[in-house]
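Along the sequence shown, the residues carry numbers beginning at 1.
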Amino acid sequence: MSTHAAKKVKLEGLPPCPYGANCYRKNPDHLKEYSHSSTASTKITTKEIKPTNNKTLPMCPFGATCYRKNLLHFAEFSHPFNLLNPDAESSDDEEEETSASTKTTENTKKRKAENEDANDAEQTEEYNSDDESAYDVKLEKTFSKMNDDEKRLMIERALELKEKLKEKLKKSREEAEERKKAVEELQSKIAEGVLLMEGEEEILKGTTVKYFELFPERSYKQGSAAEVHFRLAESQFYRLLSGYATAQVVKVEYVCNPMLIQKFNKARDELKEKRGAEYSYPILAFHGTAIANIQPICETGFKVPGQKGFKHATDSGYYGRGTYFSEYPGYSMGYIKGSTKLLLCQVLQGKIYQCTTLISGAGLQDGYDSHCSPCKKELIIFRSDFILPQYIVHYKLNAGEFKYAPNDITREAIKKKLAKIGKLYKKAVTTKDKTVFTGYKFVFIGQMADTPLAIETLVQRFGGQVCKNEMGTSGKKSSKKAFHGYFGFSSYDAPTMIICSVAEIQATTPSAELQAYKNLGHPVFYREDFLYDSIIAGSVKPLEDYTHD
């Protein structure tokens with residue numbers, strides 16, 4: 001017998017492989033144990049395909065005839081099926097096979113009919129993806145109609161999809177946590193007053209000083225940094241204000257000086273380490289000084305005894321040779337007669353030495369960080385880095401009824417209007433004469449649209465009068481008319497309205513004439529467009545629309 005014949009006999013004596021000629025296995029031992037003849041009579045066996053992660057899954061209630069297409073369903077339940085003929089029951093008899101197939105089909109239709117009323121529930125169970133192509137899984141057959149490779153692939157992909165969904169869920173939870181932290185951080189900033197103005201973050205990275213102008217507004221913009229800063233400075237001003245019942249905050253300038261902020265924060269950390277957290281919290285306190293000193297202080301910081309340029313404005317310091325502050329704005333107002341600006345600063349007081357008597361010109365007491373007066377209304381600071389100038393509070397005395405300042409849109413419109421004041425003036429000059437300013441006596445300070453003589457002539461054309469006040473040569477109070485309480489004029493005629501240029505109002509140091517009128521108790525000054533608008537309209541326009549901020 002030939003070797004070929006012997007091998008053929010041996011193969012014919014082997015049991016048939018359950019997969020027949022389509023067997024995909026390549027294990028040599030498997031080929032020796034089973035016959036893979038295409039004509040061999042193979043016995044149909046039922047085998048459950050287990051998921052690739054080797055986990056035992058519960059049996060699906062519908063078995064091999066399950067018609068569902070939801071991949072997650074196949075990842076959670078096992079589905080036994082016939083490898084060679086999934087639609088047939090295990091039988092060697094063809095009639096029984098046909099009967100079983102018919103029975104299976106009927107059972108499938110019955111179950112499908114029973115579930116037609118539960119379509120909504122099935123859709124809930126189905127996986128509805130907005131991007132099904134992401135997983136490259138598309139079902140075109142019912143599970144019972146698939147061959148073994150398709151079923152195996154489906155289960156593998158279902159498990160893969162399940163893992164991807166877990167990753168997606170994890171990522172969503174992480175994003176939710178990040179959003180939660182961002183909200184908590186914002187809430188923390190609001191609580192600590194560390195909200196940033198627009199562009200402030202970039203400024204803090206450099207060395208340039210920025211002034212943010214803030215005005216009172218009717219609308220409450222919750223969470224707005226401008227709103228928080230203005231209301232903080234305003235409330236601090238009013239909280240301990242006494243003796244100035246009619247004083248009103250009209251504007252606040254928020255000062256952002258990166259260099260001073262860094263020094264202040266460093267000093268605060270040192271104080272916290274030295275004294276403990278309870279001593280490191282700053283207070284808000286006012287400082288009164290001449291208007292000419294405000295900008296230099298905001299730019300370079302305060303000077304204290306021992307530093308070049310330090311000078312006491314009044315005395316050597318009743319309670320120590322330092323820089324004086326007060327939480328009571330009235331105390332600070334006493335040092336700036338005629339001015340209407342106060343500095344509001346963050347001040348580190350640390351451990352305070354309370355004075356019980358005058359210690360004029362004395363230095364800082366050993367073991368302490370600051371002094372306070374016997375009445376506790378004055379605080380004396382001896383280190384410049386313990387002071388952070390943060391707000392310039394603009395206020396008016398005897399301002400009468402409170403009125404909101406123009407909003408940003410209105411201020412921008414006024415700015416554009418004043419830029420074209422020449423055209424407005426020319427239109428007023430060509431207007432027909434009419435009595436408009438009866439009873440008004442005007443004073444003009446600063447450069448107007450035309451010469452002083454031309455402006456006076458225009459006002460007189462429309463029924464107004466012009467005061468002829470002149471400054472004295474010495475700039476001091478006149479001894480002849482001191483009784484009248486005016487300052488600096490050689491002759492004085494009380495005006496009913498003072499028209500002042502924008503340049504004069506915005507100047508760092510007011511002119512002697514403007515300061516003299518402030519000293520005389522004139523709190524309100526008006527723009528020159530009031531004149532031209534009133535002349536063109538033929539009647540006096542509302543004064544509150546033309547006041548300088």
Side-chain angles (χ1 to χ4, degrees), residues 250 291 338 340 396 399 405-406 410-473 475 478 481 484 486-549:
V250 295
I291 291 180
T340 54
K396 286 182 180 180
T410 305
R411 279 192 291 272
E412 187 63 27
I414 292 172
K415 186 177 179 180
K416 290 181 179 179
K417 180 182 179 184
L418 294 177
K420 300 178 181 179
I421 196 70
K423 291 183 178 180
L424 192 63
Y425 166 71
K426 290 179 180 179
K427 187 174 181 180
V429 170
T430 58
T431 301
K432 187 177 179 181
D433 293 357
K434 183 180 180 180
T435 302
V436 176
F437 300 122
T438 302
Y440 281 88
K441 294 178 71 173
F442 293 93
V443 162
F444 302 98
I445 303 176
Q447 180 64 49
M448 301 294 154
D450 206 338
T451 64
L453 180 59
I455 299 298
E456 290 178 12
T457 302
L458 178 65
V459 168
Q460 291 169 350
R461 278 179 53 197
F462 290 88
Q465 300 180 46
V466 179
C467 297
K468 296 294 184 179
N469 293 324
E470 296 180 3
M471 295 296 296
T473 55
S478 170
K481 297 188 177 180
H484 298 288
Y486 61 84
F487 182 86
F489 295 107
S490 57
S491 61
Y492 179 68
D493 185 13
T496 57
M497 176 172 289
I498 301 175
I499 305 296
C500 188
S501 68
V502 175
E504 283 284 334
I505 289 293
Q506 294 181 349
T508 303
T509 304
S511 65
E513 187 177 8
L514 178 59
Q515 188 62 55
Y517 281 110
K518 287 183 177 181
N519 292 343
L520 285 165
H522 291 279
V524 183
F525 301 87
Y526 299 91
R527 305 191 310 267
E528 66 173 304
D529 54 325
F530 163 79
L531 294 174
Y532 313 139
D533 285 345
S534 297
I535 290 172
I536 294 169
S539 61
V540 175
K541 302 291 285 184
L543 294 176
E544 60 269 18
D545 294 339
Y546 296 88
T547 58
H548 281 289
D549 293 331

Item to check | Partner residues of Lys426 under the salt bridge (Lys or Arg N to Asp or Glu O under 4.0 Å) criterion, sequence neighbours left out | outcome: none
Checklist entry - OH/Tyr532 to NZ/Lys417 distance, rounded to the nearest 0.5 angstrom? => result 11.5 Å
Item to check | Spacing of CZ belonging to Phe525 relative to CG belonging to Leu514, to within rounding of 0.5 Å | outcome: 5.0 Å
Checklist entry - Tell me, do Pro452 and Phe444 make a side-chain contact under 4.5 Å, heavy atoms counted? => result no
Checklist entry - Rounded to the nearest 0.5 Å, what separation is found between the CD atom of Glu504 and the CD1 atom of Ile499? => result 13.5 Å
Checklist entry - Is it true that a side-chain atom of Thr496 and a backbone atom of Lys441 form a donor plus acceptor pair closer than 3.5 Å? => result yes
Show me the donor-acceptor pairs, under 3.5 Å and distance only, between side chains in residues 460-468 and residues at least two apart or in other chains.
unit_1 : atom_1 : unit_2 : atom_2 : d
Arg461 : NE     : Asp433 : OD1    : 2.8
Arg461 : NH1    : Val429 : O      : 3.1
Arg461 : NH2    : Val429 : O      : 3.4
Arg461 : NH2    : Thr431 : O      : 2.9
Arg461 : NH2    : Asp433 : OD1    : 2.5
Lys468 : NZ     : Glu456 : OE1    : 3.1

Checklist entry - By side-chain hydrogen bond (donor to acceptor under 3.5 Å, both in side chains), which residues pair with Asp450, not counting sequence neighbours? => result Tyr425
Next on the checklist: Classify the ring geometry of Phe530 against Tyr526: parallel below 30°, tilted from 30° to 60°, perpendicular beyond 60°.
Outcome noted: tilted
Item to check | Pro495 to Val443 - nearest heavy-atom pair and separation | outcome: CB-CG2, 3.5 Å
Checklist entry - In Å, rounded to the nearest 0.5 Å, how long is the span from NZ of Lys423 to NZ of Lys427? => result 12.0 Å
Checklist entry - So, do Tyr517 and Cys500 sit near enough that their side-chain heavy atoms are less than 4.5 Å apart? => result no
Checklist entry - Given side chains that start at C-beta, do those of Leu458 and Leu531 come closer than 4.5 Å, heavy atoms only? => result no
Checklist entry - Are any of the side-chain heavy atoms of Arg527 and Ile421 separated by less than 4.5 Å? => result no
Checklist outcome for this item: Between Phe437 and Ile535 the two heavy atoms that sit nearest each other are CE1-CG1, 3.7 Å
Checklist entry - If every non-hydrogen atom of Ser534 is compared with every non-hydrogen atom of Lys541, which pair is closest and at what distance? => result OG-N, 3.1 Å
Next on the checklist: Determine whether Thr547 and Leu543 satisfy the following criterion, side chain to side chain contact (heavy atoms under 4.5 Å, CB included), listing intermediate values before the conclusion.
Outcome noted: CA-CA 7 Å; Thr547 58; Leu543 294 176; 5.7 Å; no
Next on the checklist: Can you confirm whether Thr340 sits close enough to Lys396 that some side-chain heavy atom of one is under 4.5 Å from a side-chain heavy atom of the other?
Outcome noted: no
Next on the checklist: Minimum heavy-atom separation for Val540 and Tyr440, please, with both atom names.
Outcome noted: CG1-OH, 3.6 Å
Item to check | Close side-chain approach of Asp533 to Tyr546, heavy-atom, < 4.5 Å | outcome: yes
